[in-house]
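One structure below.
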Amino acid sequence: PICELSCEHFEPLTAEEAVNGMKPWFEICAKYGAPAIVHAHAGGGAHNVSYCDPANFEPLVRDFPKAVLILNHMGGSRREFFDHALELAGKYDNVHFNTSQTLPEHLTEAVKKVGAERIHFGTDWYALEKPETRERSQHGNQIRIVERASMTDRERELVMGESLAQLLGI
């Protein structure tokens, strides 16, 4: 089991109040060893950009060290959010990243600073808005991010599935 959360689920609360609202979920994740995934990217669908800053989630990773937090998008294309994601992962081993909607250069840097063992390939929910076609392939776009990032073949294997399989024990 994996828990997926977003501060936007707690709208109109502040980001801090939303993170406090996530604590019961993190208690469950810590108890059962289930990773928690949070939205950490202020893309086109974000209603409140402050909800998406990876720095918001520090109280959760600090207070629940047995719960793995996966930052979807690792901050996205916003450099300040990506830097916050890197800072969080540098301080806490229970912070992992998901590759969806990041930049190849951010992925390259994350592999070097965090390690491919803590980075997992992902697409994104909005692929469901329109059918996948040869011309429009959300999955293909996300694979190309990983292909364009600079890393070893072994690191790419980890990112493309092995690291997540290890995390989930499969």
Side-chain angles (χ1 to χ4, degrees), residues 2-11 15 18-19 22 25 29 34-58 60-61 67-90 92 94-151 155-168:
I2 295 178
C3 170
E4 183 178 10
L5 298 165
S6 170
C7 288
E8 288 187 348
H9 295 146
F10 295 86
E11 216 167 11
V19 167
M22 293 179 188
W25 291 100
C29 289
I37 299 172
V38 295
H39 184 77
H41 163 42
H47 297 115
N48 183 337
V49 173
S50 69
Y51 283 166
C52 305
D53 188 341
N56 291 331
F57 303 103
E58 184 166 8
L60 297 171
V61 295
V68 169
L69 172 70
I70 301 172
L71 292 171
N72 265 0
H73 323 298
M74 64 179 89
S77 61
R78 294 175 72 110
R79 182 66 209 201
E80 70 273 20
F81 283 7
F82 176 65
D83 287 341
H84 294 166
L86 283 178
E87 289 170 25
L88 204 57
Y92 302 97
N94 58 329
V95 174
H96 291 221
F97 293 153
N98 172 290
T99 64
S100 66
Q101 305 304 327
T102 192
L103 300 175
E105 53 271 22
H106 286 179
L107 179 54
T108 297
E109 188 175 345
V111 166
K112 288 178 184 165
K113 292 184 176 177
V114 174
E117 300 80 9
R118 290 168 53 195
I119 301 174
H120 318 294
F121 175 76
T123 57
D124 204 354
W125 67 269
Y126 78 81
L128 301 175
E129 289 180 353
K130 297 179 184 175
E132 289 277 303
T133 65
R134 286 187 188 272
E135 296 78 31
R136 186 191 179 282
S137 174
Q138 173 61 9
H139 295 85
N141 290 342
Q142 299 311 307
I143 289 170
R144 283 187 287 284
I145 290 170
V146 178
E147 289 173 343
R148 289 191 303 250
S150 178
M151 65 183 88
E155 289 167 333
R156 201 171 315 280
E157 289 169 353
L158 286 163
V159 168
M160 289 303 292
E162 285 188 38
S163 63
L164 184 59
Q166 290 171 5
L167 176 64
L168 299 176

Backbone N or O of Pro104 within a donor-acceptor pair of the Arg144 side chain at under 3.5 Å? no

Looking just at side-chain N and O atoms, do Glu11 and Tyr51 make a donor-acceptor pair shorter than 3.5 Å? no

Please check if any side-chain donor atom of His73 sits under 3.5 Å from a side-chain acceptor atom of Ser100, or the reverse. yes

Taking every heavy atom of Ser50 against every heavy atom of Ala15, the minimum-distance pair comes out as O-CB, 3.9 Å

Heavy-atom nearest pair, Leu168 first then Pro35, reads CD2-CG, 4.0 Å

So, do Leu69 and Val38 sit near enough that their side-chain heavy atoms are less than 4.5 Å apart? yes

In the structure I gave you, are the side-chain heavy atoms of Leu60 and Val19 within less than 4.5 Å of one another anywhere? yes

To the nearest 0.5 Å, tell me how far Arg79 CZ sits from Phe82 CZ. 5.5 Å

For the backbone of Ser150 and the side chain of Thr108, can you confirm whether one donor and one acceptor N or O come within less than 3.5 Å of each other? yes

Closest approach of Ala85 and Leu71, non-hydrogen atoms and distance? CB-CD1, 3.9 Å

Please tell me whether Asp53 and His84 have a donor and an acceptor in their side chains that are separated by less than 3.5 angstrom. yes

Between Glu105 and Arg148, is any pair of side-chain heavy atoms under 4.5 Å apart? no

What one should report as the nearest heavy-atom pair of Gln142 and Thr99 is OE1-O, 4.0 Å

Is Cys52 close to His39 at the side-chain level, that is, under 4.5 Å between some pair of heavy atoms? yes

With rounding to the nearest 0.5 Å, note down the distance linking CD in Glu109 to OG1 in Thr102. 10.0 Å

Please evaluate residues Ile119 and Met74 with respect to the criterion side-chain contact (heavy atoms from CB on, under 4.5 Å), reporting the C-alpha separation (whole Å), side-chain torsions for both, the decisive distance (0.1 Å), and the verdict. CA-CA 9 Å; Ile119 301 174; Met74 64 179 89; 4.2 Å; yes

Closer than 3.5 angstrom, by distance alone: can the side chain of Ser163 be matched with the main-chain N or O of Leu158 as a donor-acceptor pair? yes

CZ-CG distance between Phe121 and Asn98, expressed to the nearest 0.5 angstrom: 8.5 Å

So, do Ile70 and Val68 sit near enough that their side-chain heavy atoms are less than 4.5 Å apart? yes

Distance (rounded to the nearest 0.5 Å) between Gln166 CD and His120 NE2: 9.5 Å

Any Lys/Arg nitrogen of Glu87 or Lys113 sitting under 4.0 Å from an Asp/Glu carboxylate oxygen of the other? no

Quick one: does His96's side chain get under 4.5 Å of Leu167's, heavy atoms only? yes

About how many Å separate CG of Asn72 and OG of Ser6, when rounded to the nearest 0.5 Å? 10.0 Å

Does any part of the side chain of Cys7, heavy atoms only, come nearer than 4.5 Å to the side chain of Met22, both counted from C-beta? yes

If you round to the nearest 0.5 Å, how far is CZ of Phe97 from CG of Leu88? 7.5 Å

Shortest non-hydrogen contact from Ala18 toward Phe10: CB-CB, 3.6 Å

Ala110 versus Leu86, closest heavy-atom pair with distance: CA-CD2, 4.1 Å

